[in-house]
2 protein chains.
Amino acid sequence: MSVPPRYRARSRVDVSGEESRAKAVAVATELFALTGFKGTSVAAVAARTGLSQSGLLHHFPSKAALLTAVLEERDRQDGDFLAGSAGPPLGWAAFDALGALVARNSTRPHLVGLFVRLAAEATEPAHPAHGWVQEHYSGLRRWLTDAVHAGQARGEISQDAPVGSLVRMTIAVVDGLQQQWLLHPDEMSMTAEFEAFTATLRARWGR
Amino acid sequence: MSVPPRYRARSRVDVSGEESRAKAVAVATELFALTGFKGTSVAAVAARTGLSQSGLLHHFPSKAALLTAVLEERDRQDGDFLAGSAGPPLGWAAFDALGALVARNSTRPHLVGLFVRLAAEATEPAHPAHGWVQEHYSGLRRWLTDAVHAGQARGEISQDAPVGSLVRMTIAVVDGLQQQWLLHPDEMSMTAEFEAFTATLRARWGR
DNA sequence: AACCACCGACCGTGTGGTCGGTCGGTATAT
DNA sequence: ATATACCGACCGACCACACGGTCGGTGGTT
């Protein structure tokens, strides 16, 4: 004697689907950034997207799939940025490009939050984004290492420079500054601090 | 008609209470480090401690209280370390002390994990450890800033050094190296990387 | 008798995910 | 021109489970 279910009148026409999907990714990006992956519920994303939970799950089979979509979108947006229009930047130009990325990130705190939280959460090997984070770091390191080597080849960077350490500490500075900036956004400028760092680098290993 | 509850035979004698408490804190430290605060259940901590969930909650009224205890314990263990026996270290000695702390942390990955995960999680203002993390950073920055100023006063560090940036980038390097180390523990040495960094600093602003 | 350490049962809430269904639109057959 | 078949988008109801936390106890020690 199950009562036949009632359905709300459709409040508006179904949007194109692709549109809903995109909005969901945007919302998820923001929420994951704010409260982390574990700390964000599918229902919350759905609500802010304007869908029911099942509606959202219609586009993404699972929460992890949603995360993957978010990550892919971020890669797509940032991917070209460091690549440069005419091949990847070499030598100190790579550090400038990184500085430009930092400046750009200063405009988008939610993306920074997303990354910082995710990088920490995904340290756990079982985390759905663990592989992604590992690859992200490896890729970044390879990119910067190549640039430094090229800089040495053209005599722009000293042959004595400890390339590996240089690369690692540069990435470390970027990450660490993000952490501090999220904690006290208006007490500091990531851009300025990063430039102070690269200035020190140039003074030590330049020319 | 509630059935009178059965009780398992006590498997072993009640331990001293203080002992259970301490063990719970140790276990919680490890679990929080592994899966974060949000990602760790009270039940899991209880199980690994050898208590029931209620037994654990007998010692700590809430999960947040357990976190507080963990944090206090960490402060207690690390607090004296940077202080030094005869007053806080000044000038470059402070960087050496920091290096020693990094070296010590290389021995205790779970503490590093705890801090990295917590620092990221607690970026969210509503997080129970938000205040703690903010204070932790402020305190660290003040400590290092004072040390650098003292170093300048005794002519050990250049007057031209941008103190604020120097402090911020140093802390950033420590944090960033921890992140990388957690991701690829046996591909790098935090200690070596940190020393390479301080060497650069000394070369640029020393004497 | 009082106290302490501890436990089992239970509760309300929130979780990710499934299921069967409705609806508008479009392609096709007649 | 109309009927039919199908599809993608979406929803409400529901589920099993895990969560943090409460409550009323027991059993040993002092």
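What's counted below: heavy atoms across the whole structure, side chains too, no hydrogens, waters or symmetry copies. In what follows, chains are A, B, ... by sequence order, proteins preceding strands, each numbered from 1.
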Between C:dC6 (C1') and B:Glu18 (CD): distance, integer Å: 15 Å
N or O in side chain of A:Ser20 less than 4.0 angstrom from D:dC10 OP1/OP2: yes
d(CG, B:Leu67; P, D:dG21) in whole Å: 12 Å
Atom pair CG/CZ of A:Leu177 and A:Phe197 - distance to nearest 0.5 Å: 9.0 Å
Check: B:Arg108/B:Gln77 side-chain N/O donor and acceptor closer than 3.5 Å: yes
Polar side-chain atom of B:Glu195 near backbone of B:Gly99 as donor-acceptor pair, under 3.5 Å: no
Donor-acceptor contact below 3.5 Å, side chain B:Ser165 vs main chain A:Ala196: no
Side chains of A:His110 and A:Glu30, donor plus acceptor under 3.5 Å: no
Aromatic plane relationship, B:Phe37 with B:Phe32 - under 30° parallel, 30 to 60° tilted, over 60° perpendicular: perpendicular
Side chain A:Glu73, main chain A:Val25, donor-acceptor under 3.5 Å: no
Whole-Å gap separating C1' (D:dG8) and CD (A:Glu19): 15 Å
Rounded interatomic separation in angstrom, taking CD from B:Gln53 and C1' from D:dG20: 6 Å
Contacting residues from residues 34-44 of chain A, given that a heavy atom lies under 4.0 angstrom of DNA chain D: none
Whole angstrom value for the distance that separates P of D:dG8 from CZ of A:Arg21: 15 Å
Atom pair distance, as rounded to whole Å: CG in B:Leu66 and P in D:dG21: 10 Å
Close residues, residues 54-64 of chain A, relative to DNA chain D [heavy-atom separation under 4.0 Å]: A:Ser54, A:Gly55, A:His58, A:His59
B:Gln178 side-chain N/O to B:Val116 backbone N/O, donor-acceptor pair under 3.5 Å: no
